[in-house]
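Here is the structure we will look at.
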Amino acid sequence: MSDPAVVLDDLRSESDELDRLVGELDEKGWARATPAPGWTVAHQIAHLTWTDAAALLAVTDPGAFAAEVEKALAAPDSFVDEGAETGAALPPAALLTRWRDGRERLRRALRETPPGARFPWYGPPMSATSMATARLMETWAHGQDIADALGAVREPTARLRHVAFIGVRARDFAYQVHGLTPPAEPFRVELTGPAGELWAYGPEDAGQRVTGPALDFCLLVTQRAHRDDLAVRAEGADADRWLEIAQAFAGPAGAGRTPKGAR
């Protein structure tokens, strides 16, 4: 995951796939409710547009981005929704154009960053590769909300490796955002990719283990499905606890989804 060009190419592909899903929607389609309470399809794309703009600011003007972080700290429970509301109020064609332009500007900026550069973010500072991976994760996750709203079924791709990777890397952050001390020892995570390949993270002899389909793990760490509805399994009390709180995104812990049986 050290080459930003690889992730940036996959980010473009992920964005293009979502673009094909929303590009021909009429106004009724843009106004359709998604699984995120209070968010329509327009809110989902507006959020991606807003976050791409924040990422571009972090890359190109860290001082100005620091001011945005202060605003977020002053309103931790509302700043994300406010950004989505502003964009969702635009006409769909204008929002779509803004999203397309912003994501391309960010992609170019990340591709041009010097090796070793790091940028501020709402969580830990990020390299160009990490920033691109985070954008891909969010694009996939919010794309899942949109697909669910439209009744579309997306085929999982090898791009899920980036989502799984950031989900594993964010383990300690998930504990910290819940006010918990992360376990000292690493976990072993073994996931089955879309083509049946094994994606493995952590030492083979780790006492705490997580296994399952890569798609289900990605749905879990992006909080797009409840653990009860997924085939992700834990061995060990610490690993089991992690699956209850896992999140791949920066910011406050999300509310997650309710189990299908409880809806």
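Only a predicted model underlies this, so the values are computations on that prediction, with no experimental measurement involved.
- Atom OG1 of residue T40 and atom NZ of residue K28 lie 14.5 Å apart, to the nearest 0.5 angstrom.
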Salt bridge (Lys or Arg N to Asp or Glu O under 4.0 Å) between R103 and E14, worked out: CA-CA 11 Å; R103 74 187 196 231; E14 192 67 38; over 6 Å; no

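- A continuous path of ILVMFWY side-chain contacts below 4.5 Å connects V163 to W199, so both sit in one hydrophobic cluster.
- Put simply, CG on D81 and CH2 on W39 are 5.5 Å apart, with the number rounded to the nearest 0.5 Å.
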Let me see the working for L8 and R12 under side-chain contact (heavy atoms from CB on, under 4.5 Å), right down to the final yes or no. CA-CA 6 Å; L8 286 167; R12 171 181 269 179; over 6 Å; no

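- Under the salt bridge (Lys or Arg N to Asp or Glu O under 4.0 Å) criterion, D145 pairs with R224, R257, sequence neighbours left out.
- A donor-acceptor pair under 3.5 Å is formed between the side chain of D216 and the backbone N or O of A231.
- Counting only residues at least two apart or on different chains, the salt bridge (Lys or Arg N to Asp or Glu O under 4.0 Å) pairs with a member in residues 123-137 are D52-R135, R135-E138.
- Between V59 and F65, every side-chain heavy-atom pair lies at or beyond the 4.5 Å cut-off.
- Between the OG1 atom of T133 and the CZ atom of R159 there is a distance of 13.5 Å, given to the nearest 0.5 Å.
- In this structure R100 satisfies the salt bridge (Lys or Arg N to Asp or Glu O under 4.0 Å) test together with D19, sequence neighbours excluded.
- Here the shortest heavy-atom pairing between A174 and A246 reads CB-CA, 4.1 Å.
- The cluster map of Ile, Leu, Val, Met, Phe, Trp and Tyr, joined by side-chain heavy atoms under 4.5 Å apart, puts L198 and V168 in different clusters.
- Its side chain outside the 4.5 Å cluster rule for every partner, V6 clusters with none of the Ile, Leu, Val, Met, Phe, Trp and Tyr residues.
- Across all non-hydrogen atoms, the minimal contact from M126 to A134 is CE-CB, 3.9 Å.
- Residue pairs satisfying the side chain to side chain donor-acceptor pair (under 3.5 Å) criterion with at least one member in residues 118-127, sequence neighbours excluded, are listed as follows: S127-S130.
- Hydrophobic side-chain contacts under 4.5 Å tie V22 into a cluster, directly or through other members, with L18, L21, L25, W30, V41, I45, L48, L90, L95, L96, W99, I146, L150.
- Of all heavy-atom pairs spanning D229 and P259, the tightest one is OD2-CA, 3.4 Å.
- With sequence neighbours left out, D228 forms a side chain to side chain donor-acceptor pair (under 3.5 Å) with no residue at all.
- The structure places CG of L106 at 11.0 Å from CG of L57, a figure rounded to the nearest 0.5 Å.
- Side-chain heavy atoms closer than 4.5 Å link hydrophobic residues (I, L, V, M, F, W, Y) into clusters, and following such links, possibly through other members, connects L56 to F79.
- Taken from CD in E85 to CD in E82, the straight-line distance is 9.0 Å, to the nearest 0.5 Å.
- Residues satisfying the salt bridge (Lys or Arg N to Asp or Glu O under 4.0 Å) test with R169, not counting sequence neighbours, are none.
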With a 3.5 Å cut-off and sequence neighbours excluded, list the donor-acceptor pairs that the side chains of residues 183-193 form with protein atoms.
from, atom 1, to, atom 2, distance (Å)
R188, NE, E190, OE2, 3.0
R188, NH1, G202, O, 2.6
R188, NH2, E190, OE2, 3.4
E190, OE2, R209, NH2, 2.9

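- Looking at E17 and R20, their side chains come closer than 4.5 Å, going by heavy atoms from C-beta outward.
- Closest approach of A248 and A170 over heavy atoms only: CA-CB, 4.2 Å.
- In plain terms, the two heavy atoms of A46 and A88 that are nearest each other are CB-N, 3.4 Å.
- Y175 and F249 fall within a single hydrophobic cluster, where Ile, Leu, Val, Met, Phe, Trp and Tyr are joined by side-chain heavy atoms under 4.5 Å apart, directly or via other members.
- Listed by first and then second residue, the side chain to side chain donor-acceptor pair (under 3.5 Å) pairs that reach into residues 232-247 are R227-D240, R227-E244, sequence neighbours excluded.
- Annotation: side chain to side chain donor-acceptor pair (under 3.5 Å) contacts involving residues 58-74, sequence neighbours excluded, comprise E68-K71.
- Residues F173 and F217 are members of separate hydrophobic clusters, defined by side-chain heavy-atom contacts under 4.5 angstrom among Ile, Leu, Val, Met, Phe, Trp and Tyr.
- If you look at H162 and W140, their ring centroids are not closer than 6.0 Å.
- Counting heavy atoms from C-beta on, the side chains of R171 and Y201 never come closer than 4.5 Å.
- Q144 places a side-chain heavy atom less than 4.5 Å from the side chain of R154.
- Residues L230 and A225 share a closest heavy-atom pair of CD2-CB, 3.9 Å.
- A search for salt bridge (Lys or Arg N to Asp or Glu O under 4.0 Å) contacts involving D148 returns nothing, not counting sequence neighbours.
- The distance from the CG atom of D172 to the CG atom of L180 is 11.5 Å, given to the nearest 0.5 Å.
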Run M131 and L110 through side-chain contact (heavy atoms from CB on, under 4.5 Å) and show every step you take. CA-CA 8 Å; M131 185 72 80; L110 288 172; 4.0 Å; yes

